[in-house]
Every structure is written in C-alpha cells, then in structure tokens.
Participant: 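Structure incoming, see below.
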Amino acid sequence: MKKLQTFLVLILFAGGLACSKSKNEEKPVSPPDPPVTEEVSLQKKLPFPFGAAVNINLLKNNSAYREVVTTEFNSLTAETAMKTATLHPQQNTFNWTDADYLIEFARQNNKRIHGHTLIWHQSLPSWITNFQGDAAAWEDLFKTHIQTIVSHFKGKVVSWDVVNEAFDDDGTLRNSLWLQKLGPDYIARAFQYAHEADPDALLFYNDYGHEYGPTKRTAILNMVNDLKSRSIPVNGIGLQMHTRYTMADNNLANAINTAAQTGLKVHISELDIAMNPDNNQNLTFTASLADQQAQKYKFIVKTYNAIPKSQQFGITTWNVSDADSWIPGNYNRPDWPLPFDNAYKKKPAYQGILDGAK
Ligand code: 9MR
C-alpha cells in the first residue's frame, strides 16, 4: 500500500513538472513538414512499361541523359548497340562491349531490355554483304548469327525485334539480301531459330508505316497471322511509329487497333513525333506547335491504353531528348520530336503522355 502511495505521488509530481514545463518554456514552433510531393515519372505514372532507345555513349558520358534515363523509363532498347554491324563485325568476331554495358546498367537500375534487331536489311557489316556461299552456307550464317546473339543475352534480354522492316510500302516483301539469299520464308525461320536459342524470349516483328494506310499494314498483319496459324513462335508486333504531328488520329488509331486485333502483344517501339515534316530550315518550335505535339502524344497513349492490358507490351520513344533524336541529322533540318528538350527539360509532350493515361 505504501508502495502504491509513493508511486502515485511520483506520478503526480512528474505530471506537474511536465505541465509547468509546457507552460513556462516557449518551445519554438518548428515549421510544418513540407507536403510530400509525389515523384512524377513516366515509368511511375503509366500503366504499362514506358521505354526509350538509348545511345550508349550518352549513357556513359552525359550525366543529364543518364539521369533522365534512370528516372523516367523502365524499358530500354539499344538505338544501335545491338545491330548486326556493331555486334557481329566479322564472321567469327562478336563485339559485346556496348550491349553488355547496357545490360549491366539495366540490371543495376531495374530496367527491362528489348533487343533490336536480329535481321534487318540495314546495318550489315561488309563480311555479310560480300559473303559468297551456297544456300546452305547462307542458312548457316543466318542461323548462327541469330542464335549466337540470342544465346548471349538469354535471360537478360526479355524480347527481340527478330525481323525488322521486311516490307516495302506497297506491301510486297522488301528485296533485301536476306530475301535474295534465303527466300521469302526467311522470316518464319528467323523466329524459329531465335525461339530455339531462348524459348522464354518474346519475339516481335517490327516495322514502320502501319499508320500510313491499309496497304502495308495489311500485308504485315497477314504475314503475322500466317506465322501464327503455322505455329511459328511470334509473340508481338512492333509499330515503330516514327510519325508527325499532322498525322490523322484516325490513321494512328487504325494502326494500333488492327495490330491488337491479331491478339498478339503490341509494342509502339520507336515513337517520335516530327514537327517539321516539310523540312523548313527556318522553323521555330512555338508554344502552339508544342501544344499540338502534346495532343498527338496524348492521343497515341490514350488509344494504346485502351487495347487489352495483356497485349500492352509498352511504348518506347526513339531516344530521349530533341538533342539526341536521329531526325535532325537524318533529314538535315531542325526538329523537336521527343518529350524532352535539348536541355533535358520536360516539354508539353511529357504532360501529353501523362494525360493520355488518365
Ligand atoms: O536512330 C538510329 C540511327 O542512330 C542509326 O544510325 C540508324 C542505323 O543503324 O538506325 C536508326 O534507327 C532506326 C531503327 O533501327 C529502325 N527503324 C528506323 C530507325 C530510324 O532510322
């Protein structure tokens, strides 16, 4: 009992102390915590993977570039580092340096890597364009090329553009070296060889111009449906979508929706929106143009977001900022096709992309 009394007295005394402390000592009022601002990034805000093609030199040497790539995107494609001329410069030589750098960057930063590209009519080293051999030798070259690369990246590259740009705009097969040496069914065999080397990799047919109109895209979709019906392992269609701000929404929607009708995954794989398609050397990028570009990005994202979830492989822009885009150099004109400006600042197009997913 005595113990309890002592205990109660102590409690009262302590309470009195606490009380007098709060009355007598004017505690400085600390400023309220700043509101927790939610970090906005494309990879966080979009309901499907959002990627960029990357230039390995910029990734290594330009800190602003690396920062935007790290923060904004969760899927990466090598703009050139996984092309044939880079990876396979001589018949018995493979050069993995830059591609492996990207793989390691992706591993450290938790990015998905999409492989681009195994079979294309461009970016061929001279040992291939000059190769002399019979049909069996060409087949061996073709198979070895595909399988060495896919095996090297097995478990690291989740998906491949197995064949790129095999069609002309009139819907006929492009008269490429591959068609000439291997015959029209080389496309199917490329998919089979890639699948043998990595049965888990998702395999895409990639091309541009689905939004031009029905001619080319129908030929592509027929080819892909034919592969499916023959149980050739094709998992997806890549729509490059190097487009322009004047492209009709209807054409863009038809490109996306007809690809989705195949039931395969759809990757908008090389998105950029040119603002100077008429090659005007004196054009400036006005607020009005920036807004029209934002609307076009928004429309593409919104339309893509409406296809079935399971088919949304993602959207990839073709590089990061206007300073890095292939378009000004390729067409020798000023242009501003990407969602980040020359200083890696977000353009209205960035908000357009976010708005498209709302
Ligand atoms: O943007 C790429 C450019 O830097 C390269 O010099 C060029 C040749 O390798 O390829 C460009 O990327 C193309 C892509 O691989 C396939 N679709 C069209 C792209 C733009 O030309």
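Start at 1 and go down the list; that is how both ligands and their atoms are numbered. Numbering starts at 1 and runs along the sequence shown.
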Participant: Write out the protein residues near ligand 1, meaning a non-hydrogen atom under 4.0 Å from one of its atoms, in order of chain and number.
Facilitator: Glu79, Thr80, Lys83, His116, Trp120, Asn164, Glu165, Gln240, His242, Glu270, Trp318, Trp326
Participant: Classify the ring geometry of Trp178 against His145: parallel below 30°, tilted from 30° to 60°, perpendicular beyond 60°.
Facilitator: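 Because their plane-to-plane angle is under 30°, the rings of Trp178 and His145 count as parallel.
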Participant: Indicate, with yes or no, if the rings of His88 and Phe94 have centres closer together than 6.0 Å.
Facilitator: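 Close enough - the centres of the two rings lie under 6.0 Å apart.
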Participant: Can you find a heavy atom in the side chain of Gln351 that is under 4.5 Å from one in the side chain of Pro348?
Facilitator: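 Side-chain contact under 4.5 Å: no.
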Participant: Taking Asp335 for the side chain and Asn276 for the main chain, is one N or O donor matched with an acceptor at less than 3.5 Å?
Facilitator: yes
Participant: Given side chains that start at C-beta, do those of Ser75 and Phe50 come closer than 4.5 Å, heavy atoms only?
Facilitator: no
Participant: What are the two closest heavy atoms between Ile103 and Lys156, and how far apart are they?
Facilitator: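 Smallest interatomic distance, heavy atoms only, reads CG2-CD, 3.7 Å.
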